[in-house]
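See below for the structure under consideration.
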Amino acid sequence: LFRSVDFQEEVYKEVISSQLKSILRVDPLHRCGVMLVFGTHLAVFPFRRELADDQDLKGSAVDEMPHYVIDLKSISDRIANVVDIQFLHGYYEPTLLILFESLRTWPGRVAVRQDTCALIAISMNVAQRVHPVIWSLSNLPFDCFKALAVPKPL
């Protein structure tokens with residue numbers, strides 16, 4: 001996964017010395033992976049699909065799509081401080097849930113501003129590089145710290 005990314009030396013040093021956290025997540029059906037970098041950018045890694053039906057072509061790649069980067073500000077200008085990201089179960093395309101805080105706050109400022117977190121779900125069409133917002137939810141409590149994807153029961 002990491003060998004496919006061609007880091008330039010300056011970018012690599014900035015990632016290592018950055019105080020921003022990086023989060024790596026993989027789609028439940030293994031269609032792609034994403035990594036949060038630089039706070040508001042997603043590096044998208046589409047995974048190769050293998051042909052299993054044809055014995056002559058077994059093990060050869062059908063689609064080999066290069067990685068690319070999404071600026072989350074282009075999806076929604078409210079995304080400022082990404083708290084967590086998770087892929088959701090049960091969608092036709094990979095669907096990413098982003099928990100973020102548009103305006104940062106802290107417990108000492110709760111009297112002024114307390115509902116600063118929000119959720120946004122984006123459908124990821126990695127072949128066409130289109131990422132529409134399918135739903136969003138705002139005014140969540142400031143102390144949200146994790147998003148959990150719960151699969152459907154069997």
Side-chain angles (χ1 to χ4, degrees), residues 1-8 10-52 61-107 113-154:
L1 178 69
F2 292 107
R3 285 184 270 165
S4 69
V5 180
D6 298 324
F7 281 112
Q8 298 173 354
E10 299 117 29
V11 174
Y12 181 71
K13 287 179 184 176
E14 190 173 339
V15 169
I16 297 301
S17 66
S18 174
Q19 296 300 318
L20 301 172
K21 63 181 177 181
S22 295
I23 303 171
L24 179 65
R25 299 285 188 251
V26 177
D27 174 54
L29 297 177
H30 307 289
R31 297 171 285 195
C32 69
V34 297
M35 185 164 119
L36 179 71
V37 291
F38 302 120
T40 59
H41 291 80
L42 281 178
V44 180
F45 303 96
F47 295 148
R48 294 177 2 174
R49 292 179 294 203
E50 304 290 331
L51 281 176
V62 175
D63 291 329
E64 186 168 341
M65 295 178 282
H67 65 276
Y68 61 97
V69 176
I70 304 170
D71 183 5
L72 293 177
K73 296 273 186 188
S74 68
I75 293 173
S76 174
D77 57 350
R78 297 182 316 134
I79 298 177
N81 177 35
V82 177
V83 177
D84 196 15
I85 57 175
Q86 287 291 336
F87 278 102
L88 300 178
H89 299 269
Y91 285 89
Y92 179 73
E93 290 184 332
T95 302
L96 188 67
L97 180 72
I98 304 170
L99 173 64
F100 66 95
E101 193 173 18
S102 54
L103 297 170
R104 296 187 95 172
T105 192
W106 55 93
R113 187 106 182 142
Q114 62 184 358
D115 299 332
T116 57
C117 284
L119 288 171
I120 194 166
I122 59 172
S123 179
M124 301 187 63
N125 185 335
V126 293
Q128 296 177 359
R129 297 186 182 186
V130 178
H131 314 291
V133 174
I134 55 175
W135 59 268
S136 64
L137 179 66
S138 20
N139 298 328
L140 296 173
F142 75 98
D143 54 353
C144 295
F145 65 94
K146 188 160 185 76
L148 293 175
V150 180
K152 291 181 180 181
L154 296 175

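In what follows, residues are counted from 1 in the order of the sequence shown.
- Sequence neighbours left out, the pairs with a member in residues 22-36 that pass salt bridge (charged side-chain N to carboxylate O under 4.0 Å, His left out) are Arg25-Asp84, Asp27-Arg31.
- Note that OG of Ser136 is 11.0 Å distant from CD1 of Ile98, once rounded to the nearest 0.5 Å.
- The CD atom of Gln114 lies 10.0 Å from the CG atom of Asn139; values are rounded to the nearest 0.5 Å.
- Put simply, CG on Asp115 and CG on Leu140 are 8.0 Å apart, with the number rounded to the nearest 0.5 Å.
- Distance CG/Leu99 to CD1/Ile85: 11.0 Å, rounded to 0.5 Å.
- Across Gly39 and Val82, no two heavy atoms sit closer than the pair O-CG2, 3.5 Å.
- Nearest heavy-atom pair across Phe87 and Ala149 is O-CB, 3.1 Å.
- Dense packing is recorded around CZ of Arg129, with more than 12 heavy atoms of other residues, nucleotides or ligands lying under 6.0 Å away.
- Taking all atoms of both residues into account, the shortest heavy-atom contact from His89 to Val150 is CD2-C, 3.9 Å.
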List, one per line, each side-chain donor-acceptor pair under 3.5 Å for residues 70-81, sequence neighbours excluded.
{"residue": "Asp71", "atom": "OD1", "partner": "Lys73", "partner atom": "N", "Å": "3.2"}
{"residue": "Lys73", "atom": "NZ", "partner": "Ile79", "partner atom": "O", "Å": "2.9"}
{"residue": "Ser74", "atom": "OG", "partner": "Asp71", "partner atom": "O", "Å": "2.5"}
{"residue": "Ser76", "atom": "OG", "partner": "Arg78", "partner atom": "N", "Å": "3.4"}
{"residue": "Asn81", "atom": "ND2", "partner": "Glu101", "partner atom": "OE1", "Å": "3.4"}

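- Leu97 places a side-chain heavy atom less than 4.5 Å from the side chain of Trp135.
- Residue Pro46 comes nearest to Cys32 through the heavy atom pair CA-CB, 4.0 Å, listed as atom of the first residue, atom of the second, then distance.
- Take Pro141 and apply the side-chain contact (heavy atoms from CB on, under 4.5 Å) test, not counting sequence neighbours, and it matches Asp143, Cys144.
- When all heavy atoms of Phe100 and Ile120 are compared, the closest pair comes out as CE2-CG2, 3.8 Å.
- Note: Leu42 CG to Tyr68 OH = 9.5 Å, rounded to the nearest 0.5 Å.
- Residues Val26 and Phe45 form no side-chain contact, since every pair of their non-hydrogen atoms from C-beta on lies 4.5 Å or further apart.
- In this structure, Met35 CE and Ile23 CD1 are separated by 10.5 Å, a value rounded to the nearest 0.5 Å.
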